[in-house]
Engineer: 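Got a structure for you, questions after.
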There are 2 protein chains.
Amino acid sequence: MTAVSGEMADEQGVTDGRKLRGQRRRTQIIEATLAVVRRDGAAGVTHRTVAKEAGITTSLTLYYFATLDDLLVAALTSVTDAYTRRIRELIDADADPVSGLADLIAESAGSGRERALAERELSTLAARRPALRPTARRWRENVADLARTQTSSREAADAFVALSDGLCAAILLDDDPKPDPHHISAILRAALG
Amino acid sequence: MTAVSGEMADEQGVTDGRKLRGQRRRTQIIEATLAVVRRDGAAGVTHRTVAKEAGITTSLTLYYFATLDDLLVAALTSVTDAYTRRIRELIDADADPVSGLADLIAESAGSGRERALAERELSTLAARRPALRPTARRWRENVADLARTQTSSREAADAFVALSDGLCAAILLDDDPKPDPHHISAILRAALG
DNA sequence: GTACTAATTGTACGATCGTACAACTAAGGC
DNA sequence: GCCTTAGTTGTACGATCGTACAATTAGTAC
């Protein structure tokens with residue numbers, strides 16, 4: 001009747017080709033949602049705008065995501081997953097993860113601006129919508145994980161997370177088209193003590 | 001015909017009692033707007049919701065604020081003015097301004113949660129709406145002013161501003177009903193070097 | 001091939017949206 | 001008293017909103 005709201009589909013084999021197509025459709029809708037958020041903000045997310053972005057019918061987005069909240073949760077989960085992967089790459093790589101994070105933050109001024117804006121709007125939304133909060137917290141926890149590879153101080157880790165968040169916010173409000181990654185990493189490193 | 005969009009009314013005497021009443025109406029509408037933002041978020045701001053909150057006609061809010069952006073700018077300006085006053089009190093008082101700011105941030109978990117949420121949502125909105133950005137920057141500049149009374153390092157001041165922003169965001173996403181002001185001020189002080 | 005299930009569509013409802021506009025009231029200037 | 005200006009109201013238009021639902025198509029299982 002209705003589409004599976006959870007995930008559960010990747011476990012074991014999905015023999016039914018229809019369900020497989022359904023999963024593809026699902027991620028396609030999430031992608032479209034993120035495109036809308038990036039372009040028009042979280043307030044622009046609508047069953048209709050998402051459907052138009054994806055090139056499908058409004059009814060179809062409703063078939064996969066019964067409510068707007070479901071859609072937003074799925075979108076935030078998607079960007080959080082992507083962010084988790086990037087942070088983990090930084091941690092696992094041999095290079096300095098702090099510099100890597102500084103580069104990631106500095107990106108928010110240029111090519112990554114829309115992405116950073118989308119993440120920020122969804123996180124802000126999470127403060128008000130309980131359904132989004134666990135995922136928003138997981139987003140921050142990634143940075144905390146990275147910080148803990150550099151320090152054992154709880155206080156320093158807290159500061160590190162807050163800094164990377166606040167620095168990104170500052171960049172999004174400034175006009176500076178090219179913030180200095182060294183300046184950012186210097187601030188981050190100072191917080192690690 | 002249309003209401004004055006600027007301020008200009010407090011300079012010299014406003015002899016016209018009608019204009020005086022108009023100014024009162026104006027601030028009343030702004031108050032109502034902020035009440036809506038606190039309760040339902042910036043997305044809930046509508047000519048109609050604001051009018052209902054203020055107990056007046058929808059047409060009247062439109063008479064004073066022709067567009068929704070005008071309304072949001074006025075609202076953000078109002079909270080920024082209030083914030084500026086509070087920060088200046090902290091600076092001018094004899095007590096330690098850093099502890100004062102830490103208390104202010106810690107408040108975001110309890111009684112000040114709605115206020116902090118409103119400020120945050122409007123600031124986030126500013127990243128996308130140019131009309132809001134100067135005011136949003138002024139908001140952050142207040143904290144920078146406070147920081148500059150404690151350090152001469154540009155880097156430390158930048159970190160201080162980003163920290164107070166990021167710490168507030170963390171509190172809004174956490175469930176902790178009573179964050180420790182000492183912990184916050186310790187982190188802030190560490191950033192000052 | 002037949003029964004079942006998933007995917008997809010079209011259409012429709014009531015509510016709310018931003019905005020416009022003409023009319024009306026009331027207060028000030030002279 | 002009279003003219004002007006500011007404040008205020010009611011009503012209305014077209015657009016868009018979230019959501020529901022019956023009907024249809026397409027793929028799977030047996």
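The sequence lines fix the lettering, A, B, ..., with proteins before strands; numbering per chain opens at 1.
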Engineer: Checking only heavy atoms, does the side chain of A/Arg48 share a donor-acceptor pair with the base of D/dG18 at less than 3.5 Å?
Structural biologist: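 Answer yes: a donor N or O sits under 3.5 Å from an acceptor.
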Engineer: Measure from CG on A/Leu62 to P on C/dT9 and round the result to the nearest Å.
Structural biologist: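 Interatomic distance, CG of A/Leu62 to P of C/dT9: 13 Å.
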Engineer: To the nearest angstrom, how far is A/Phe65 atom CZ from D/dG18 atom P?
Structural biologist: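 In whole Å, D/dG18 P lies 15 Å from A/Phe65 CZ.
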Engineer: Nearest whole angstrom, please: distance from the C1' of D/dT8 to the CZ of B/Arg25.
Structural biologist: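 Value for this atom pair: 8 Å.
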Engineer: A/Arg21 has a side chain; which of D/dC17, C/dT19, C/dA7 sits nearest to it?
Structural biologist: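 Ranking D/dC17, C/dT19, C/dA7 by closest atom to the A/Arg21 side chain puts C/dA7 first.
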Engineer: Just how far is it from atom CD of B/Glu114 to atom CG of B/Leu34, taken to the nearest 0.5 Å?
Structural biologist: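 Answer rounded to 0.5 Å: 11.5 Å.
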Engineer: Measuring from the side chain of A/Thr46 (C-beta onward, heavy atoms only), which nucleotide among D/dT8, D/dG18, C/dG18 has the closest atom?
Structural biologist: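 The nucleotide sitting nearest to the side chain is D/dG18.
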Engineer: B/Leu71 CG to C/dC17 P: how many Å, rounded?
Structural biologist: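 Answer to the nearest Å: 13 Å.
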Engineer: Kindly work out whether a path of hydrophobic side-chain contacts (I/L/V/M/F/W/Y, heavy atoms less than 4.5 Å apart) joins A/Leu68 to A/Val73.
Structural biologist: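 Same cluster.
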Engineer: Between B/Thr49 and A/Ile56, which has a closest nucleotide on DNA chain C that is more 5'?
Structural biologist: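 Nearest-nucleotide comparison on DNA chain C picks A/Ile56.
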Engineer: Is any side-chain N or O of B/Arg24 closer than 4.0 Å to OP1 or OP2 of D/dG7?
Structural biologist: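 So the side-chain polar atoms of B/Arg24 never come under 4.0 Å of the phosphate oxygens OP1 or OP2 of D/dG7.
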Engineer: Given C/dA7, D/dA6, D/dG10, identify the nucleotide with an atom nearest to the side chain of A/Leu60.
Structural biologist: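 Closest nucleotide among those given: C/dA7.
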Engineer: Expressed in angstrom and rounded to an integer, what is the separation of B/Asp70 atom CG from C/dG18 atom C1'?
Structural biologist: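 After rounding, the gap between these two atoms is 13 Å.
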Engineer: List the atom of B/Ser99, the atom of B/Asp96, and the distance in Å for their closest heavy-atom pair.
Structural biologist: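 Scanning both residues, the minimum pair turns out to be OG-OD2, 3.0 Å.
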Engineer: State, with a plain yes or no, whether a side-chain heavy atom of A/Leu188 is found less than 4.5 Å away from one of A/Ile105.
Structural biologist: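 Yes. Closest side-chain heavy atoms under 4.5 Å.
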Engineer: Please lay out, stage by stage, how A/Arg137 and B/Asp175 fare under the test salt bridge (charged side-chain N to carboxylate O under 4.0 Å, His left out).
Structural biologist: CA-CA 10 Å; A/Arg137 276 198 284 262; B/Asp175 285 326; 3.8 Å; yes
Engineer: Just how far, in rounded Å, is P of D/dA15 from NZ of A/Lys52?
Structural biologist: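 Those two atoms, NZ and P, are 12 Å apart.
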Engineer: For the side chain of B/Arg18, counting heavy atoms from C-beta on, which of D/dT5, C/dT8, D/dT8 is nearest?
Structural biologist: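 The closest nucleotide is D/dT5.
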Engineer: Starting from P on C/dA7, measure out to CZ on A/Arg26 and report it in whole angstrom.
Structural biologist: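 Going from CZ in A/Arg26 over to P in C/dA7 covers 11 Å.
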Engineer: Within this structure, what is the NZ-to-P distance between B/Lys19 and D/dG7, rounded to whole angstrom?
Structural biologist: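 Nearest whole value for this atom pair: 8 Å.
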Engineer: Using heavy-atom distances to pick each residue's nearest nucleotide on DNA chain D, tell me which of B/Ser59 and A/Ala66 is more 5'.
Structural biologist: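 Going by which nucleotide is closer to the 5' end, it is B/Ser59.
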Engineer: Whether A/Tyr64 contacts C/dA6 is assessed here as follows: a side-chain N or O lying under 4.0 Å from the phosphate OP1 or OP2. Is that the case?
Structural biologist: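 No, A/Tyr64 has no side-chain N/O under 4.0 Å of OP1/OP2 on C/dA6.
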Engineer: Measure from the side chain of B/Tyr63, starting at C-beta and using heavy atoms only, and say which of D/dG18, C/dG18, D/dG7 lies closest.
Structural biologist: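 Given the options D/dG18, C/dG18, D/dG7, the side chain of B/Tyr63 is closest to D/dG7.
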Engineer: Looking at D/dT19, I'd like to know if its phosphate oxygens (OP1 or OP2) sit under 4.0 Å from a side-chain N or O belonging to A/His47.
Structural biologist: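 Looking at the OP1 and OP2 atoms of D/dT19, one of them is under 4.0 Å from a side-chain N or O of A/His47.
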Engineer: Let's see if you can work this out: which of C/dT11, C/dC21, C/dT19 has an atom nearest to the side-chain heavy atoms of B/Thr58?
Structural biologist: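 For B/Thr58, the side-chain atoms sit closest to C/dT19.
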Engineer: Are any of the side-chain heavy atoms of B/Asp180 and B/Ile184 separated by less than 4.5 Å?
Structural biologist: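 Side-chain contact under 4.5 Å: no.
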Engineer: Touch check for A/Leu68, heavy atoms < 4.0 angstrom, all strands: base, sugar-phosphate only, or nothing?
Structural biologist: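 Result for A/Leu68 = sugar-phosphate.
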